[in-house]
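Here is how names work: the chains are called A, B, and so on, in the same order as the sequence lines, proteins then strands, and each is numbered from 1. Everything numeric in this text was worked out from a predicted model, so none of it was measured.
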Amino acid sequence: MNIIACVKQVPDTEAQIKVKADGSGIEEGQIKWVMNPYDEFGVEEALKLKEKNGGDVTVISVGPARAMETIRTALAMGADKGVHICDPAFDGADAYVVANALAAVIKTLPHDIIFCGQRAIDDDAGQVGAMLAEALGVPQLTLVTKLEFAGSSVKVIRPIEGAQLSIETALPCVVTAQKGLNEPRYASLPGIMKAKKKPVDVKDAAAIGVATDAKAKVAKTIPPPARPPGKIVCGDDPAQKAAELGRLLREEAKVI
Amino acid sequence: MAKGVMIVAEQREGALRKISLELASTARKLADQTGDEVSAVLLGSGVEGMAAELGKYGVDKVFVGDNAALEPYVTEAHAEVTAKVIKDNDPAIVLFGASVQGKDLSARVAAKLATGLATDCTDVKLDGGKLVATRPMYAGKCFGEVVINAAPQVASLRPNVFPAAENAKAGAVTKVDVAVGEQKSKVLEVQKDTSGKVDLTEANVIVSGGRGMKGPEGYAILEELAEVLKGTVGASRAAVDAGWRPQKDQVGQTGKVVSPNLYVACGISGAIQHLAGMSSSKCIVAINKDAEAPIFTKADYGVVDDLFKVVPELTAVCKKLVA
Ligand SMILES: Cc1cc2nc3c(=O)[nH]c(=O)nc-3n(C[C@H](O)[C@H](O)[C@H](O)COP(=O)(O)OP(=O)(O)OC[C@H]3O[C@@H](n4cnc5c(N)ncnc54)[C@H](O)[C@@H]3O)c2cc1C
């Protein structure tokens with residue numbers, strides 16, 4: 001089986017995000033970078049499929065030089081080889097550009113199934129999986145929590161609002177992973193050592209031949225709207241506090 | 001020249017989803033600024049009757065695609081038909097819901113049209129006739145104002161954020177020709193949640209519990225409060241990972257992003273990853289015995305006390321208030 005896992009390097013979920021004074025983006029100085037948590041579910045599922053059915057896992061990332069660390073993390077988890085699409089021309093790329101860059105590389109590789117995270121926790125856009133599927137002309141299964149491989153097809157569970165869908169799709173296809181799909185493994189020490197010798201192909205925009213102009217642009221980055229300071233509800237005992245809270249919710253906030 | 005605002009309505013089993021009305025009202029507001037029309041795409045099987053309701057919420061024209069192959073929703077079929085209707089009618093702006101279905105569909109359609117998409121927006125406005133879509137990024141730690149330099153300009157709107165208001169327009173039906181070919185994906189089974197509870201992403205009231213609930217039994221008092229407030233019970237990741245609550249109840253960065261009118265956090269410390277999922281709630285209440293818990297920095301109203309004492313009292317108070 002030829003399995004692809006797409007990964008992105010993002011700020012750690014604990015990271016403080018500071019908006020640049022001119023609104024042109026965020027201050028990157030203090031940030032600790034990690035693999036997008038949703039991509040970890042994708043990489044784990046790719047490795048599980050390989051362990052069960054044989055084959056090969058290729059990780060692909062579009063990102064600056066530091067994104068190599070994330071590719072190495074996936075290799076240390078057990079992926080076999082990597083492709084790093086790295087070019088300053090991709091700074092400010094939107095999902096459309098990224099999806100087309102990934103597709104250009106994936107088209108040159110044998111592929112049965114492609115995993116993405118359901119969204120990256122930096123721009124929170126959640127578009128790359130679907131756009132990649134469109135660029136490859138294959139079906140997409142987004143927000144998957146369970147996957148069964150059956151030769152030329154996969155059967156997945158996909159929760160929607162108030163229901164769960166069971167869907168069968170012919171391969172190749174793109175699957176976007178979310179929490180519930182599996183428990184991502186940690187890279188082992190021998191894994192980390194081995195990862196250093198695994199091949200990673202670095203390509204620039206010219207090598208893959210895709211346009212790099214974003215269709216959607218963040219014209220301005222702004223801090224979140226300030227919330228007025230809250231009130232601590234007073235009272236001598238839980239009953240009094242509950243009564244006062246009820247009154248505030250009814251009369252002041254008007255939410256009940 | 002591209003003109004007007006088109007919404008992609010969402011329905012399930014013979015009823016419009018609430019987000020469809022939110023889309024219609026938002027589109028109406030935008031279109032009125034330029035004196036343009038609002039149109040809607042409505043796909044499924046036997047859906048024509050729903051056009052009138054879209055009309056009631058401000059839609060002038062409804063493109064109805066009726067075909068058994070469009071029910072239940074399958075991405076590729078819906079994407080093909082939706083993209084065709086958009087191409088044939090050339091709207092300047094297209095709005096989807098940022099629901100599970102809307103997110104799945106909007107990205108596929110935007111890619112088909114080779115245009116850009118602003119996902120999960122919490123505000124949209126026009127600036128010199130061009131769409132400016134505001135959306136949370138980095139889990140709400142900052143916001144981006146997105147412009148789209150391609151046509152049409154596509155955005156998806158976060159459910160429960162934009163008001164739905166009646167504003168009657170014609171809702172005139174135009175049937176669209178939908179030939180849907182053989183699909184590579186097949187829905188084998190739809191397993192419905194039989195609890196009768198509204199999904200967290202659509203709930204007006206959420207009562208959430210964390211590790212402070214001590215165990216699965218603890219949630220009974222939250223269920224009671226939620227029942228009185230016609231709300232849905234949510235959970236922190238700690239509670240889900242402990243197996244006390246199902247994954248679908250998790251609120252936060254790796255769970256659901258919710259925007260209810262009222263979010264009551266009980267025994268939840270307010271880790272940054274939890275805040276990521278609920279900070280766009282309109283009113284936040286925290287009940288926690290630790291006065292230093294970070295949740296209080298986000299709460300509109302905080303109660304510092306034992307939740308097992310406060311919550312049942314609050315349920316009794318609310319019962320009287322809503323009676
Ligand atoms: C990559 C990543 C993703 C994550 N995603 C999510 C996510 O999506 N959602 C999420 O929620 N978390 C997420 N987390 C986990 C997050 O960091 C916290 O660990 C989690 O939110 C803590 O849950 P909690 O508040 O229920 O538990 P705790 O932090 O243990 O807090 C329990 C609280 O209950 C209070 N308490 C205890 N007993 C009582 C009582 N009797 N009365 C009143 N108060 C009481 C305590 O004072 C305490 O504040 C993520 C973490 C990582 C690293």
- Message: Hydrogens and angles aside, do Gln273(B) and Thr13(A) bring a side-chain donor and acceptor to less than 3.5 Å of each other?
- Response: yes
- Intermediate values then yes/no, side-chain contact (heavy atoms from CB on, under 4.5 Å), Val146(B) and Lys217(A): CA-CA 5 Å; Val146(B) 179; Lys217(A) 282 207 173 88; 6.0 Å; no
- Query: So what's closer than 4.5 Å to chain A heavy atoms on Val109(B): side chain, backbone, both or neither?
  - Reply: neither
- Give the minimum heavy-atom separation between Glu145(B) and Ile222(A), together with the two atoms involved. OE2-CD1, 3.8 Å
- Examine whether an atom of Leu188(B) lies under 4.5 Å from a heavy atom of chain A, and if so say whether it belongs to the side chain, the backbone or both; otherwise answer neither. both
- Minimal non-hydrogen separation, Glu313(B) against Ala242(A), with atom names: CB-CB, 3.5 Å
- Query: Of the backbone (N, CA, C, O) and the side chain (C-beta and beyond), which part of Ala316(B) lies under 4.5 Å from a heavy atom of chain A, both, or neither?
  - Reply: neither
- Query: Contact part of Leu143(A) toward chain B, heavy-atom cut-off under 4.5 Å: side chain, backbone, both or neither?
  - Reply: side chain
- Query: What part of Lys309(B) gets closer than 4.5 Å to chain A, counting heavy atoms only: side chain, backbone, both or neither?
  - Reply: both
- Under 4.5 Å heavy-atom distance to chain B, tell me which part of Lys155(A) shows up: side chain, backbone, both or neither. side chain
- Message: Between Pro11(A) and Tyr138(B), is there a side-chain heavy-atom distance shorter than 4.5 Å?
- Response: yes
- Item | Nearest atoms (heavy-atom pairs only) where Ala163(A) meets Val190(B) | CB-CG1, 4.2 Å
- Counting only heavy atoms closer than 4.5 Å, note whether Asp120(B) contacts chain A via side chain, backbone, both or neither. neither
- Task: Would you mind checking which part of Leu321(B) comes under 4.5 Å of any heavy atom in chain A, side chain (CB onward), backbone (N, CA, C, O), both or neither?
- Result: both
- Query: If you tally heavy-atom pairs under 4.5 Å against chain B, which of Ala133(A), Pro223(A), Gly126(A), Cys234(A) wins?
  - Reply: Ala133(A)
- Message: Run the side-chain contact (heavy atoms from CB on, under 4.5 Å) test on Tyr38(A) and Thr254(B) for me, step by step, so that the C-alpha distance in whole Å, both residues' side-chain angles and the decisive distance to 0.1 Å come before the verdict.
- Response: CA-CA 8 Å; Tyr38(A) 288 110; Thr254(B) 43; 4.0 Å; yes
- Message: Taking Asp241(B) first and then Lys179(A), would you say they form a salt bridge - that is, a charged N and a carboxylate O separated by under 4.0 Å?
- Response: yes
- Item | Per-residue contact mode, Pro159(A) against chain B (heavy atom under 4.5 angstrom) | backbone
- Note on the structure: Turns out that what part of Gln253(B) lies under 4.5 Å from chain A's heavy atoms comes down to both
- Pick one of side chain, backbone, both or neither for Lys282(B), based on which atoms fall under 4.5 Å of a heavy atom in chain A. backbone
- Query: Do Ile26(A) and Met137(B) have side-chain heavy atoms sitting under 4.5 Å apart?
  - Reply: no
- Query: Under a 4.5 Å heavy-atom cut-off, does chain A meet the side chain of Ser99(B), its backbone, both or neither?
  - Reply: both
- Rounding to 0.5 Å, atoms CD (Glu189(B)) and CD1 (Ile157(A)) come to a distance of 7.5 Å
- Under-4.0 Å salt bridge between Arg12(B) and Glu161(A): yes
- Message: Any heavy-atom pair between the side chains of Leu165(A) and Pro72(B) that's under 4.5 Å?
- Response: no
- Note on the structure: Per-residue tally against chain B (heavy atom, under 4.5 Å) across Thr176(A), Ile232(A), Asp122(A) peaks at Asp122(A)
- Task: Using a cut-off of 6.0 Å, state whether more than 12 heavy atoms not belonging to Lys230(B) lie near its atom NZ.
- Result: no
- Task: First locate atom CD of Gln164(A), then atom NZ of Lys248(B), and finally report the distance between them rounded to the nearest 0.5 Å.
- Result: 9.0 Å
- Cut-off 4.5 Å, heavy atoms of chain A, and the answer for Val311(B) is neither
- Message: Between Thr221(A) and Phe143(B), is there a side-chain heavy-atom distance shorter than 4.5 Å?
- Response: no
- Note on the structure: Looking only at Gln183(B), Arg135(B), Gln153(B), most heavy-atom pairs under 4.5 Å shared with chain A are made by Arg135(B)
- chain A contact via Gln250(B) - side chain, backbone, both or neither, heavy atoms under 4.5 Å: side chain
- Task: Check whether Leu200(B) gets within reach of chain A through its side chain, its backbone, both or neither, counting any heavy atom under 4.5 Å.
- Result: neither
- Criterion side-chain contact (heavy atoms from CB on, under 4.5 Å) on Asp104(B) and Gln140(A), from CA distance to verdict: CA-CA 9 Å; Asp104(B) 184 72; Gln140(A) 73 197 49; 2.9 Å; yes
- Item | Considering all heavy atoms, the nearest Tyr301(B)-Leu245(A) contact | CB-CD1, 3.8 Å
- Kindly compute the distance separating NZ (Lys186(B)) from OG1 (Thr169(A)), expressed to the nearest 0.5 Å. 10.0 Å
- Item | Top contributor to chain B interface from Glu134(A), Lys241(A), Gln118(A) [non-hydrogen pairs under 4.5 Å] | Glu134(A)
- Item | Region of Ser279(B) in contact with chain A, defined by heavy-atom distances below 4.5 Å | backbone
- Task: Indicate whether the side chain of Gln127(A) and that of Thr119(B) have a donor and an acceptor atom separated by less than 3.5 Å.
- Result: yes
- Residue, of Glu76(B), Lys192(B), Arg108(B), Gln247(B), that accumulates the most heavy atom pairs under 4.5 Å with chain A: Arg108(B)
- Bottom line for Val317(B): the part with an atom under 4.5 Å from chain A's heavy atoms is side chain
- Return the option, out of Val322(B), Asn204(B), Asp193(B), Ile287(B), with the maximum number of heavy-atom pairs under 4.5 Å with chain A. Asp193(B)
- Task: Please test Leu249(A) against Cys283(B) for side-chain contact (heavy atoms from CB on, under 4.5 Å), starting from the C-alpha separation and ending with a verdict.
- Result: CA-CA 9 Å; Leu249(A) 294 178; Cys283(B) 177; 4.0 Å; yes
- With a 4.5 Å cut-off on heavy-atom pairs, point out which of Val154(A), Asp213(A), Val138(A), Val97(A) contacts chain B the most. Val138(A)
- Query: Heavy-atom distance under 4.5 Å between the side chains of Lys184(B) and Pro139(A), does that happen here?
  - Reply: yes
- Task: Report yes or no: does Lys141(B) contribute a side-chain atom to a donor-acceptor pair with the main-chain N or O of Ala15(A) at less than 3.5 Å?
- Result: yes
- Task: May I ask you to name which of Gln178(A), Gln16(A), Arg158(A) has the most heavy-atom pairs under 4.5 Å with chain B?
- Result: Arg158(A)
- Message: Looking at chain B, which one of Ala95(A), Ala216(A), Pro37(A), Ala120(A) has the largest number of heavy-atom pairs inside 4.5 Å, strictly under?
- Response: Ala216(A)
- Are the charged groups of Arg227(A) and Asp300(B) less than 4.0 angstrom apart, N to O? yes
- Task: Please tell me if the side chains of Pro238(A) and Phe308(B) come closer than 4.5 Å, counting only heavy atoms from C-beta onward.
- Result: no
- Message: Looking at chain A, which one of Arg17(B), Lys112(B), Lys103(B) has the largest number of heavy-atom pairs inside 4.5 Å, strictly under?
- Response: Lys112(B)
- Task: Could you tell me which of Val285(B), Leu117(B), Val154(B), Leu314(B) has the largest number of non-hydrogen atom pairs under 4.5 Å with chain A?
- Result: Leu117(B)
- For Ile167(A) and Ser185(B) the tightest heavy-atom approach is CG2-CB, 4.2 Å
- Query: Looking only at heavy atoms, what is the nearest atom pair of Met131(A) and Ala111(B), with distance?
  - Reply: CG-CB, 3.7 Å
- With chain A, the option among Asp305(B), Val310(B), Thr201(B) that has the most non-hydrogen atom pairs under 4.5 Å is Asp305(B)
